[in-house]
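One structure is given here, and the rest of the page talks about it.
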Amino acid sequence: MSKIKVVVAGPRGKMGSEALRMIEKDDSLELVACLDRQNKGKQVYEIDGLPNFDAYIYDDVEECFQTVEADVLVDLTTPKMGYIHTKTAINYGVRPVVGTTGFTKEQLEELTNLAEEKGIGAIIAPNFAVGAVLMMQFSKWAAKYFPDVEIIERHHDQKLDAPSGTSIKTAELIQEVREQKKQGHPDEKETIPGARGADIDGMKIHSVRLPGLIAHQEVVFGSSGQNLTIKHDSFHRESFMSGVKLAIDHVVKIDLLVYGLENLLD
């Protein structure tokens, strides 16, 4: 069986470097190139702290796909570059697996339509940790019985988007089973703007950014005389790699864009 040829965007990042280590250990995958705004023309093994790959580094996504034969792009960069890389990959017939969050609804709609038009599989996942995906699914189930809910998400202080893609996805899943409602006292007023957090259909999302955190979320449900909290913690970025591998294996078999890792679980 031939190996899946992978390009990784963002190899020096904490998630990108973890993806390289995952590929290094997996005999079914082959790293054929990396995309990085630095180190153009070097090979991966020349970069301190990265695995011993002899794949070349490109700083231009089109040059990369014109030069290298690739099956899958794994993008773990920023919302701005992730969107550009994903759109370009689809146009070149390379199947993107994207862990970047912060895409707008308009961008997601455009990429969905483009993937369908090209007949190219693509997977965008707000969170690749299987435990986090289960947390979101359990929250959707619980919301049928506990419609009063607030979400607290905590991430490292270098995260660019707030609220997190995981918290937004959680709220969207809950919206599917919960009618819009205003929570709290009807005359509630914020004496400091933003004190009650972001609002999605009356649900509140609170974002915490501190050094030492990785990725953590609590979904807190309230009802008369009881509370229910569904919580997930990622203590190391290795926790995301089983989901990345699952997405790589699936994306080569599909011909449309899938948003959310939960759609790949049995």
Side-chain angles (χ1 to χ4, degrees), residues 9-10 13-16 18-19 74-83 85-86 96-109 111 123-140 142-143 149-176 178 183 194-221 229-244 246-247 257-265:
K14 292 178 180 178
M15 281 286 285
E18 198 64 45
V74 174
D75 188 281
L76 302 162
T77 59
T78 64
K80 179 180 178 181
M81 296 310 301
Y83 166 71
H85 291 163
T86 302
V97 168
V98 186
T100 305
T101 62
F103 290 164
T104 66
K105 288 184 178 181
E106 291 75 19
Q107 287 174 330
L108 288 172
E109 183 177 351
L111 294 171
I123 296 173
I124 299 175
N127 199 314
F128 278 116
V130 174
V133 175
L134 293 174
M135 174 263 297
M136 289 187 271
Q137 292 299 307
F138 296 158
S139 297
K140 178 180 178 180
V149 54
E150 302 210 1
I151 300 169
I152 305 165
E153 56 96 349
R154 299 178 292 131
H155 284 80
H156 55 90
D157 62 343
Q158 299 303 300
K159 185 170 177 60
L160 297 178
D161 55 317
S164 68
T166 298
S167 65
I168 294 172
K169 179 66 174 178
T170 304
E172 290 173 345
L173 289 170
I174 290 173
Q175 279 181 293
E176 295 177 12
R178 171 190 178 274
Q183 299 179 179
R196 289 290 288 118
D199 188 290
I200 298 182
D201 266 1
M203 288 177 277
K204 300 295 185 180
I205 301 179
H206 310 271
S207 297
V208 178
R209 299 289 179 267
L210 288 171
L213 298 173
I214 299 294
H216 316 264
Q217 181 169 294
E218 296 179 40
V219 187
V220 184
F221 298 89
T229 300
I230 301 173
K231 180 181 179 183
H232 177 263
D233 297 285
S234 283
F235 299 108
H236 192 280
R237 288 173 178 83
E238 187 179 3
S239 65
F240 303 112
M241 291 305 113
S242 60
V244 173
L246 178 68
L257 187 146
V258 172
Y259 181 66
L261 199 67
E262 70 277 3
N263 296 296
L264 307 184
L265 301 179

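These values consider heavy atoms only, across backbone and side chains, with no hydrogens, waters or symmetry-generated copies.
Partners of Y83 under the side-chain hydrogen bond (donor to acceptor under 3.5 Å, both in side chains) rule, at least two apart in sequence or in another chain, are E110. Every side-chain hydrogen bond (donor to acceptor under 3.5 Å, both in side chains) that E150 has, sequence neighbours left out, goes to R196, H206. With sequence neighbours left out, E18 forms a salt bridge (charged side-chain N to carboxylate O under 4.0 Å, His left out) with R21. Q217 meets the side-chain hydrogen bond (donor to acceptor under 3.5 Å, both in side chains) test with T170; sequence neighbours excluded. Partners of Q183 according to the side-chain hydrogen bond (donor to acceptor under 3.5 Å, both in side chains) rule, which considers only residues two or more places apart in sequence or in another chain, are R178.
D161 places no side-chain N or O within 3.5 Å of a backbone atom of S164 that could act as its donor or acceptor partner. A donor-acceptor pair is defined here as one N or O able to donate and one able to accept, closer than 3.5 Å; such a pair exists between the side chain of H216 and the backbone of I214. Side-chain atoms of H236 do not come within 3.5 Å of backbone N or O of S239 as any donor-acceptor pair. For the pair N127 (side chain) and A129 (backbone), a donor-acceptor distance under 3.5 Å is present.
H85 places none of its side-chain heavy atoms less than 4.5 Å from the side chain of P96. Side-chain contact between K169 and E262: present, with at least one pair of heavy atoms (C-beta onward) separated by less than 4.5 Å. L210 places none of its side-chain heavy atoms less than 4.5 Å from the side chain of R154. At least one side-chain heavy atom of L246 sits less than 4.5 Å from a side-chain heavy atom of L265. Within the 4.5 Å cutoff, side-chain heavy atoms of K204 are placed close to those of D199.
I205 and A171 make their closest contact through CD1-CB, 4.3 Å (heavy atoms, listed as atom of the first residue, atom of the second, distance). Taking both residues in full, the closest heavy atoms of A215 and F240 are given as CB-CZ, 3.9 Å, listed atom of the first, atom of the second, then distance. When all heavy atoms of G260 and P126 are compared, the pair lying nearest together is CA-CD, 4.2 Å. In terms of heavy-atom proximity, H155 sits nearest to E153 at ND1-OE1, 2.7 Å. Scanning both residues, V97 and A247, for their nearest heavy atoms gives CG1-CB, 3.6 Å. Across all their heavy atoms, P79 and F103 have their closest contact at O-CE2, 3.4 Å.
Here CD1 of I123 is found 4.5 Å from CG of L264. Values are rounded to the nearest 0.5 Å. Atom CD1 of I174 and atom CD1 of I151 lie 5.0 Å apart (nearest 0.5 Å). Rounding to the nearest 0.5 angstrom, the gap separating the CG atom in L76 from the NZ atom in K14 is 14.0 Å.
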Discussion item. Side chain to side chain contact (heavy atoms under 4.5 Å, CB included), that's the test. Do V219 and H232 meet it? Break it down for me.
Written reply: CA-CA 9 Å; V219 187; H232 177 263; over 6 Å; no
List the atom pairs, donor and acceptor, that lie under 3.5 Å between side-chain atoms in residues 130-140 and the rest of the protein, sequence neighbours left out.
from: S139; atom 1: OG; to: M135; atom 2: O; distance (Å): 2.8
from: K140; atom 1: NZ; to: E176; atom 2: OE1; distance (Å): 2.7

